[in-house]
Structure formats: structure tokens, C-alpha cells
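On a predicted model such as this, the values are computed, not experimentally measured, just so you know. Side chains included, hydrogens not; waters and symmetry mates left out as well; all remaining heavy atoms used. Letters A, B, ... are given to chains in the order of the sequence lines, protein chains preceding strands, and every chain is numbered from 1.
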There are 2 protein chains.
Amino acid sequence: MATEISNVGDPARSVATLWGTRRLPRRGPRHSLTTAQVVDAAVEIADGDQDLDRLSMRRVAQALGVGTMSLYTYIASRDDLLDAMLDSVHGEAVERLGEPDHATWQDGLRSVARAGWDLHMRHRWVMQVFTGRPPLGPHSIAKYERELGVVEGIGLTDVEMDAVITLVHDHVEGVARRRVEADRAVRRTGIGDEEWWRAAGPELEAVLDPAAFPIATRVGEAAGRAHRAGQNPEHAYEFGLDRLIQGIEALIHRRA
Amino acid sequence: MATEISNVGDPARSVATLWGTRRLPRRGPRHSLTTAQVVDAAVEIADGDQDLDRLSMRRVAQALGVGTMSLYTYIASRDDLLDAMLDSVHGEAVERLGEPDHATWQDGLRSVARAGWDLHMRHRWVMQVFTGRPPLGPHSIAKYERELGVVEGIGLTDVEMDAVITLVHDHVEGVARRRVEADRAVRRTGIGDEEWWRAAGPELEAVLDPAAFPIATRVGEAAGRAHRAGQNPEHAYEFGLDRLIQGIEALIHRRA
DNA sequence: CCATACACCGTACGATGTACCAAGTATTTC
DNA sequence: GAAATACTTGGTACATCGTACGGTGTATGG
């Protein structure tokens with residue numbers, strides 16, 4: 001009738017979970033866990049897997065030595081768990097960002113990018129979490145504050161400051177995703193890069209006319225060589241970051 | 001959250017499927033379908049859903065009026081199907097890219113970005129497909145060739161040409177992903193943006209001290225206003241693209 | 001003509017997230 | 001002290017997923 005019973009996806013509860021401000025009940029049995037314990041266990045499993053696909057509520061419960069359904073006392077759903085995991089590792093990233101003592105905003109942006117890169121490398125599942133709503137946990141907000149700090153007062157509007165941070169994130173996340181996803185494919189299939197090309201190469205050669213795609217063939221081979229030499233993520237990361245910074249410099253100089 | 005890894009089976013077969021070069025058997029019953037029909041049906045369903053989560057083999061089979069397991073005659077796995085879907089819509093994107101008749105490489109990059117944006121808006125699931133291996137379908141390669149064409153001969157190395165195209169893709173995909181993922185959250189929860197903030201807002205205000213995060217609060221509110229005014233994806237898209245282009249210009253000018 | 005090689009697809013298996021409910025426990029109220 | 005209350009715990013169950021397996025029927029090559 002008038003009221004909706006399901007508390008699934010209740011925004012207020014999700015926010016309260018993130019901030020650890022859910023009221024503790026005064027009656028009933030003692031809690032055998034905390035939300036933080038659940039989140040930490042999940043992070044540990046995801047770190048080990050380097051993947052979110054195999055992170056199941058059952059495995060988290062098993063790791064904690066409780067029944068699967070007991071987790072739902074501490075977290076409303078798997079989606080909420082993912083949000084909480086993200087906020088948790090963002091806290092770590094803020095610590096590693098350190099004090100904002102950069103001589104220039106360029107240095108600041110480089111350290112923002114580096115912190116993002118480290119985050120993705122230490123927790124190789126964060127690029128798999130998609131939050132439909134802005135992440136409003138304490139650590140995510142703290143991270144955002146720190147990041148915005150490096151572009152404060154350099155001549156950008158508020159909306160542009162947000163856009164710059166987002167731009168850096170998208171670049172770093174893209175490079176990290178390609179790196180991690182490639183590893184994941186190798187791990188999942190048990191087929192290494194070299195073996196994969198040995199198997200797919202002949203088929204491709206039989207079917208692809210290099211003359212029809214001259215640039216793609218040439219550039220693809222160059223990129224492949226760089227990849228095999230292990231210099232691809234590094235170069236892509238640095239090259240992209242340099243372009244972003246120079247693009248922002250151009251805007252600021254034009255305005256000055 | 002939704003991360004789908006594709007490309008996990010027999011490499012040679014996967015490539016052959018993409019190129020439509022699998023040999024047809026000479027004995028046995030007639031085929032009632034083609035691989036292309038399966039792929040088209042899957043694309044249609046994913047387009048309708050604007051999501052890959054609910055794309056199941058059962059639904060594809062039902063749409064085609066065949067048994068679920070019959071699909072496996074034409075496609076090795078769901079992952080291979082995702083790869084084939086991606087290559088299929090890349091073909092569409094190449095058509096829409098049109099002839100490479102741009103006066104400047106800047107215009108060229110803008111049209112590459114625009115084509116990418118259109119692709120993500122017309123098929124709001126492509127950002128959910130993660131290929132662990134490079135996508136080697138005919139249309140993906142054709143798209144790559146066209147894209148590289150706009151930065152050919154402007155003073156970049158081969159590896160840099162690849163990096164530039166990737167940079168533009170990551171930016172466009174990031175903006176598109178945020179846009180689509182927000183819609184998806186609304187659709188999945190049945191809770192609109194406004195309603196969500198009405199529910200989560202009080203909890204957040206009770207817990208977040210604006211003085212502790214002054215820049216985040218100010219910038220977040222500005223970004224929120226822009227978002228509500230519907231100008232956020234547009235602005236982020238244009239702003240980011242401008243920065244990228246100017247960053248590349250800076251590199252080229254320095255070398256000239 | 002029939003052995004062969006295949007297409008079709010029903011059934012089954014091991015996963016998943018989580019709804020529901022019975023049973024047990026601590027606190028509050030009388 | 002007893003009863004009512006408000007919890008936690010976690011077993012069971014359900015819908016849904018990708019796909020392995022194998023039976024059945026069909027077109028073709030020898």
C-alpha cells in the first residue's frame with residue numbers, strides 16, 4: 001500500500017554505513033563482528049584475487065568464520081560492501097598522498113596521479129567498482145579535498161577544478177585498467193601473451209591485409225614492441241600526464 | 001558494478017569468429033542461424049537494456065526463437081559474444097566517422113572524440129566490456145586505422161600516436177561512463193537523483209563538517225549545480241578535450 | 001545406402017545474491 | 001523476577017547465471 005518495506009538501497013543507511021554512524025541497538029545479542037571487519041576481510045580477498053568477480057558474500061563470511069547471512073547485519077548488500085571497500089582504500093590513498101607541500105601545481109598534479117596509480121596497483125580491483133552516485137564516504141571526500149587543494153587558486157573556476165582532477169583520474173585509471181585487465185586475462189585463461197599470439201597470429205595473418213590498414217599495422221606493431229619491452233604503461237602514463245599538464249598550462253597562460 | 005572480461009577461449013577460434021572466417025561444415029543439418037544474427041540480437045537486447053548485466057544467453061536465444069545451447073554452435077562463449085558485439089558496433093562507428101577530410105589534426109581529434117561519444121551514447125554498454133587482449137576484429141582495426149590517420153605525419157612517434165588516441169578514448173569513455181552509470185543507478189534502484197539526495201542529504205549533513213573539507217564542499221556544490229543544470233557531461237567533455245589538444249600542440253610546437 | 005559429422009537443445013550442475021524465518025540472546029519494562 | 005521487546009545468527013530456499021554433457025535427428029561423402 002503506502003509504505004515501501006524494502007530497505008534495500010536506502011541512501012541514508014548507505015551513507016551511515018560509510019561513516020560508521022549507524023546506531024547500535026541496545027537490546028539483543030552481542031555483535032560478533034563490526035562493519036569494518038567485514039570490509040577489511042573483503043578488501044583482503046579482493047587484493048588476493050586482484051579481481052572482484054570472485055568476491056562472493058559466501059567467501060567473505062567464510063573468511064570471518066560466520067554464516068553468510070550474518071554479513072547482512074553489518075552491510076545492506078554487496079553493492080554497499082563495494083562502496084565501503086572503495087572508501088576504505090581511499091583512506092589509505094590519502095595517507096600516502098601526504099602533506100600538500102608542492103612547489104607548483106604541476107608537481108601537485110603529478111603526485112595526485114602517482115597516488116592514483118599506486119592505489120590501482122595496490123588494490124587491483126578498484127577500477128571494477130562503478131558507483132552510480134558520487135562516493136560520499138569520509139575517506140573519498142578527504143581524498144577529493146586533498147586533490148582539489150593542488151589546483152586551488154591557480155586561476156580555474158570551481159567546475160574546472162573538478163574537471164581537471166577528473167581528467168587526471170580518467171587517464172591514470174585507463175592506463176591502470178589496461179595493465180590490470182591484461183594480467184587478468186592471462187591469469188584467467190592460463191594463456192600467456194606470447195602463447196596467445198602464437199595461437200591467434202596465424203589466423204590473423206591469414207585474414208588481415210596489412211596494406212588495407214597500413215598505419216594501424218605499423219603503429220600497432222610499434223605499440224606491441226613497447227608493450228613487450230615492458231615500457232608501455234610507463235610511457236603511456238608519463239606521456240598522457242605531460243599532455244594534460246601542458247594543456248592546463250596553456251589555459252592558464254592564456255588567461256594570465 | 002559491472003565488469004565483464006572477454007576473450008578467454010581458444011584464440012584462433014575467437015579471431016576467426018570476429019572475421020567470419022570459420023569454415024562451414026559440409027555434412028550435417030542446415031544451420032538455422034548465423035553468427036551475425038546472434039550478435040545482432042545480443043546488441044539489440046543490450047541497447048534496450050542500456051546494460052550488459054541482464055544480457056543472458058537465455059534471453060538472446062529466446063529473442064531468436066532457438067534453444068539456449070544452440071547459440072554455442074555460433075559463438076564459443078558469452079565472452080566471445082561480447083567481443084563480437086564490440087566489433088560490430090565499432091563497424092558502425094567507422095561508418096559514422098566518415099571520410100578523413102579534416103583541415104587540421106585538431107579537427108580530426110575532435111571528430112574522433114565525437115564518434116567515440118556517439119558510440120557510447122548509442123550503445124550504452126560498451127564501457128562495460130573489457131578486453132584483456134587487444135581487440136582484433138576487422139571493424140575495431142578499421143576504426144583504429146581511421147583514428148590514427150588524423151595524427152599521422154604531425155610529428156609524433158608511432159608509440160605517441162597510439163598514446164594520443166588512447167588518451168582521447170580514456171577521456172571520452174570516462175565522461176560517458178559517469179553519465180551512463182548515473183542513469184543506471186536511477187533505473188536499478190528506482191530512486192531518482194533528487195529523491196536520493198533528499199534521503200541521503202540529512203544523514204550527510206549530520207556527519208560531514210564542511211569546515212573540515214572547505215574546497216571539496218565548495219567545488220562539490222558547484223559541480224552538483226552544473227550537474228543538475230544538465231551541463232556537466234557537456235562541459236567536462238569539451239574542457240577535457242581542449243586540454244588534451246592543447247597539450248599535444250605544446251609538444252608539437254616545442255619540437256618544431 | 002549407410003557411416004559420418006554435425007546442429008539442435010533438454011537436462012543438469014555449481015555458482016551467485018539475498019528473502020524469509022526460526023531460534024536464541026540481551027535489554028527494558030512491568 | 002517475569003515478560004515483552006528488539007535484536008543477531010544463520011539455515012534453507014529461490015531465481016538466475018554460464019555452460020558441460022549427451023541424446024536425437026539430419027544432411028552429405030564415400
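Atoms NE2 (H31(A)) and C1' (dT9(D)) sit 11 Å apart, rounded to a whole Å. Rounded to a whole Å, the CG atom of D53(A) is 17 Å from the P atom of dC17(D). The CG-C1' distance, from L71(B) to dC8(C), rounds to 11 Å in whole Å. The separation between M57(A) atom CE and dT16(C) atom P is 12 Å, rounded to whole Å. Distance CG (L52(B)) to P (dC17(D)): 13 Å, rounded to an integer number of Å. Rounded to an integer number of Å, the gap from D79(A) CG to dT16(C) P is 16 Å. Atoms CZ (R30(A)) and C1' (dT27(C)) sit 10 Å apart, rounded to a whole Å. Remark: P of dC21(D) and OH of Y72(B) are 13 Å apart, rounded to the nearest angstrom.
The phosphate of dG10(D) has OP1 or OP2 within less than 4.0 Å of a side-chain N or O from S70(A). Note on Y74(A): a side-chain N or O is less than 4.0 Å away from OP1 or OP2 of dT9(D). The phosphate of dC8(C) has OP1 or OP2 within less than 4.0 Å of a side-chain N or O from S32(B).
Nearest heavy-atom pair, T17(B) versus I75(B), reported as atom, atom and distance to 0.1 Å: CG2-CD1, 3.9 Å. The shortest heavy-atom contact between W117(A) and P233(A) is CH2-CB, 4.2 Å. When all heavy atoms of H227(A) and N232(A) are compared, the closest pair comes out as CA-CB, 3.7 Å. In this structure, D118(B) and R96(B) approach most closely via the heavy-atom pair OD2-NH2, 3.7 Å. Contact record, R133(A) with A185(B): NH2-O, 3.7 Å, taken as the closest heavy-atom pair.
The side chain to side chain contact (heavy atoms under 4.5 Å, CB included) test with E203(A) is passed by exactly one of L18(B), L136(B), V15(B): V15(B).
Remark: R54(B) CZ is loosely packed, at most 12 non-hydrogen atoms of other residues, nucleotides or ligands lying under 6.0 Å away.
Across the interface with DNA chain C, nearest-nucleotide mapping of R54(A) and M69(A) shows R54(A) to be the residue nearer the 5′ end.
Contacts between residues 58-68 of chain B and DNA chain D, defined by a heavy-atom separation under 4.0 Å, are made by R58(B), T68(B).
Between the side chain of R27(A) and the base of dT5(D) there is at least one donor-acceptor pair of N/O atoms closer than 3.5 Å.
Counting any heavy atom pair closer than 4.0 Å across all strands shown, L55(A) reaches sugar-phosphate atoms only and no base atom. Within the nucleic acid shown, S56(A) comes within 4.0 Å of sugar-phosphate atoms alone, with no base atom in reach, counting heavy atoms only.
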